[in-house]
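Inspection log for the structure reproduced underneath, given as structure tokens.
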Amino acid sequence: MSLTRRQISLAGLAALPLALPGMGTAEAAQRHRTLYIAGDSTAAQKYADAAPETGWGMALPFFLRKRLSVSNQAVNGRSSKSFVDEGRLDVILQAIRPGDLLLIQFAHNDEKDTDPTRYTEPWSTYQDYLRLYVDGARARGARPVLATAVERRRFDAGGNSVPTHGDYPAAMRALAREERVALLDIQALSLALWQELGVEGTKTYFNWTATEQDNTHFNPPGAIAVARLVVRELVRTRVLAARDVRRLDDEIPESWITWPQATA
């Protein structure tokens, strides 16, 4: 769901720079920042009609201090291309402020080579579109952060967790090195986590219900687990400091996840 004009105004008021010339460290630490998420359905806000499906972006605030808020602009079914073509990146760039963060995760829908509105080629158009996010954030004094796409639940006959994103993670890693952008390698980390959990254990993290066997989208435990991976990577890459995060080693109750009613 895109930002409304009122939300843009509120984000602009709330998202102050992390540090300004002459500002002390203690004062800078209290500045309020916003972390924007540009991505697809694996991260997106879900509503009551979709429960228990849960985007990992819904769980991200549980691990962040209150001075760092989350604006989850990820939308179901979007690729790096369609998100831009629909004007969704422009809306974020209208609201983002110096010191804010733009976390970018795409690939699931970029891979759909039969859909020209979404398809990108890993080593050309995919990287070209990602540069629009990186350059747009930097031009506004915000920090871009690239995140390789979280893995689907897929195992081979031997019970090995199988990668499903082709060359897209490698293309993003190469772009991150070229552009000197922080990279959260969620694809590799989630693949390892699914391997650890195994064929049956992973079912408790994905949106498996009595009527649906969904190997792409998460339920509350899965979304919480992926959000924890994201925040740990944000700390490891020094995008965030230890003082910015909380509860990294704590149990997060599933009841903290809620699904609001969708609004028109």
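Given the structure is predicted, the values throughout are model-derived calculations rather than measurements.
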Checklist line | Spacing of Tyr119 atom OH and Ser80 atom OG [to the nearest 0.5 Å] | finding: 11.0 Å
Notebook entry, point to check: Considering all heavy atoms of both residues, which atom of Leu93 and which atom of Ala137 are nearest to each other, and what is their separation?
Noted result: CD2-N, 3.9 Å
Notebook entry, point to check: Are Leu101 and Leu64 connected in the hydrophobic side-chain network, where two residues link if heavy atoms are under 4.5 Å apart?
Noted result: yes
Checklist line | Side-chain donor or acceptor of Arg247 paired with backbone N/O of Ile252 under 3.5 Å | finding: no
Next item on the list: Using distance alone, with no hydrogens and no angle criterion, decide if Arg154 and Thr164 have a side-chain donor and acceptor under 3.5 Å apart.
Entry: no
Notebook entry, point to check: Is Arg228 reaching over with its side chain to a backbone N or O of Asp250, donor-acceptor style, under 3.5 angstrom?
Noted result: yes
Check: Rounded to the nearest 0.5 Å, how far does CD1 of Ile92 lie from OG of Ser71?
Finding: 7.0 Å
Margin query: Keeping Thr237 on the side-chain end and Glu233 on the backbone end, is there a donor-acceptor pair under 3.5 Å?
Written below: yes
Check: Between Arg153 (side chain) and Val199 (backbone), is there a donor-acceptor pair under 3.5 Å?
Finding: yes
Next item on the list: Evaluate the side chain to side chain contact (heavy atoms under 4.5 Å, CB included) criterion for residues Phe83 and Tyr129: first the C-alpha distance (whole Å), next the side-chain angles of each, then the deciding distance (0.1 Å), finally the verdict.
Entry: CA-CA 10 Å; Phe83 196 92; Tyr129 274 99; over 6 Å; no
Check: Where the side chain of Arg65 meets the backbone of Val245, is there a donor-acceptor pair that is under 3.5 Å apart?
Finding: yes
Check: Would you call Leu103 and Leu184 a side-chain contact if the rule is heavy atoms closer than 4.5 Å?
Finding: yes
Check: Would a 4.5 Å heavy-atom cut-off, applied to side chains only, mark Val231 and Leu60 as touching?
Finding: yes
Next item on the list: Return yes if some donor-acceptor pair links the side-chain N/O of Arg118 with the main-chain N/O of Gly77 below 3.5 Å, else return no.
Entry: yes
Check: Between Ile104 and Pro144, which heavy-atom pair has the shortest distance, and what is it?
Finding: CD1-CB, 4.3 Å
Margin query: Let me confirm one number: the CG-CH2 distance from Leu189 to Trp194, rounded to the nearest 0.5 Å.
Written below: 10.5 Å
Check: Is Trp259 reaching over with its side chain to a backbone N or O of Glu53, donor-acceptor style, under 3.5 angstrom?
Finding: yes
Margin query: With heavy-atom distances below 4.5 Å as the criterion, would you say the side chains of Arg97 and Thr34 are in contact?
Written below: no
Notebook entry, point to check: Are the side chains of Gln127 and Glu179 in touch, meaning some heavy atoms are under 4.5 Å apart?
Noted result: no
Check: For the residue pair Ser69 and His32, what are the closest heavy atoms and their distance?
Finding: OG-NE2, 3.1 Å
Note to self: Less than 4.0 angstrom from a charged side-chain N to a carboxylate O is my criterion; do Arg67 and Asp244 meet it?
What the structure shows: yes
Next item on the list: Mark yes or no for whether Asp100, through its side chain, and Ala142, through its backbone, hold a donor-acceptor pair below 3.5 Å.
Entry: no
Note to self: Just by distance, no angles: are the side chains of Lys46 and Asn76 close enough, under 3.5 Å, to form a donor-acceptor pair?
What the structure shows: yes
Next item on the list: Verify the cluster assignment for Leu35 and Leu248: are they in a single hydrophobic cluster under the rule of side-chain heavy atoms below 4.5 Å apart?
Entry: yes
Margin query: Once rounded to the nearest 0.5 Å, what's the spacing between atom CH2 of Trp56 and atom CD of Gln105?
Written below: 5.5 Å
Margin query: I'd like to check Phe62 versus Ile257 (side-chain heavy atoms, cut-off strictly below 4.5 Å). Are they in contact?
Written below: yes
Margin query: Minimum heavy-atom separation for His165 and Ala107, please, with both atom names.
Written below: ND1-CB, 4.4 Å
Check: Thr42 versus Val226: any side-chain heavy-atom pair under 4.5 Å?
Finding: no
Checklist line | Flag side-chain contact, heavy atom, 4.5 Å: Phe155 against Thr202 | finding: yes
Notebook entry, point to check: So, the side chain of Asn219 versus the backbone of Asn207: is there a donor-acceptor pair under 3.5 Å, distance only?
Noted result: no
Next item on the list: Working to the nearest 0.5 Å, report the span between CG of Leu229 and CZ of Arg236.
Entry: 11.5 Å
Check: So which heavy atom on Ala48 is nearest to which on Gln261, and how close?
Finding: CB-NE2, 3.5 Å
Notebook entry, point to check: Hey, any chance Ile96 and Val145 share a hydrophobic cluster, counting ILVMFWY side chains that come within less than 4.5 Å of each other, even indirectly?
Noted result: no
Note to self: On a heavy-atom basis, which atom in Ala223 and which in Ala59 lie closest, and how many Å separate them?
What the structure shows: O-CB, 3.8 Å
Margin query: side chain to side chain contact (heavy atoms under 4.5 Å, CB included), that's the test. Do Leu240 and Phe63 meet it? Break it down for me.
Written below: CA-CA 12 Å; Leu240 295 182; Phe63 298 104; over 6 Å; no
Item checked: Lys/Arg N to Asp/Glu carboxylate O, Arg232 vs Asp249, below 4.0 Å -> yes
Next item on the list: Go through the side-chain N and O atoms of Asn215 and Trp208 and say whether any donor and acceptor fall under 3.5 Å apart.
Entry: yes
Note to self: Quick check on the hydrophobic clustering: are Ile37 and Val75 connected, directly or via other members, by side-chain heavy-atom contacts under 4.5 Å?
What the structure shows: no
Notebook entry, point to check: Do Val150 and Phe218 touch side chain to side chain, with heavy atoms closer than 4.5 Å?
Noted result: yes
Notebook entry, point to check: Is there a path of hydrophobic side-chain contacts, each under 4.5 Å between heavy atoms of I, L, V, M, F, W or Y residues, that connects Val230 with Met172?
Noted result: no
Check: Can a donor-acceptor pair be found between the side chains of His108 and Ser41 at a distance below 3.5 Å?
Finding: no
Checklist line | Heavy-atom donor-acceptor pair, Thr148 side chain to Ile186 backbone, under 3.5 Å | finding: yes
Margin query: Surrounding CZ of Arg173 (heavy atoms of other residues, nucleotides or ligands, distance under 6.0 Å), is the total greater than 12?
Written below: yes
Check: Would you call Arg138-Asp135 a salt bridge at under 4.0 Å N-O?
Finding: no
Note to self: Distance check, rounded to the nearest 0.5 Å: Glu111 atom CD versus Asp167 atom CG?
What the structure shows: 10.5 Å
Margin query: Can a side-chain donor-acceptor contact be found between Ser161 and Glu151 if the only test is distance below 3.5 angstrom?
Written below: no
Item checked: Ring centers of Tyr133, Phe106 separated by less than 6.0 Å -> yes
Next item on the list: Could you verify whether a donor N or O on one side chain and an acceptor N or O on the other, from Asp110 and Thr120, lie under 3.5 Å apart?
Entry: yes
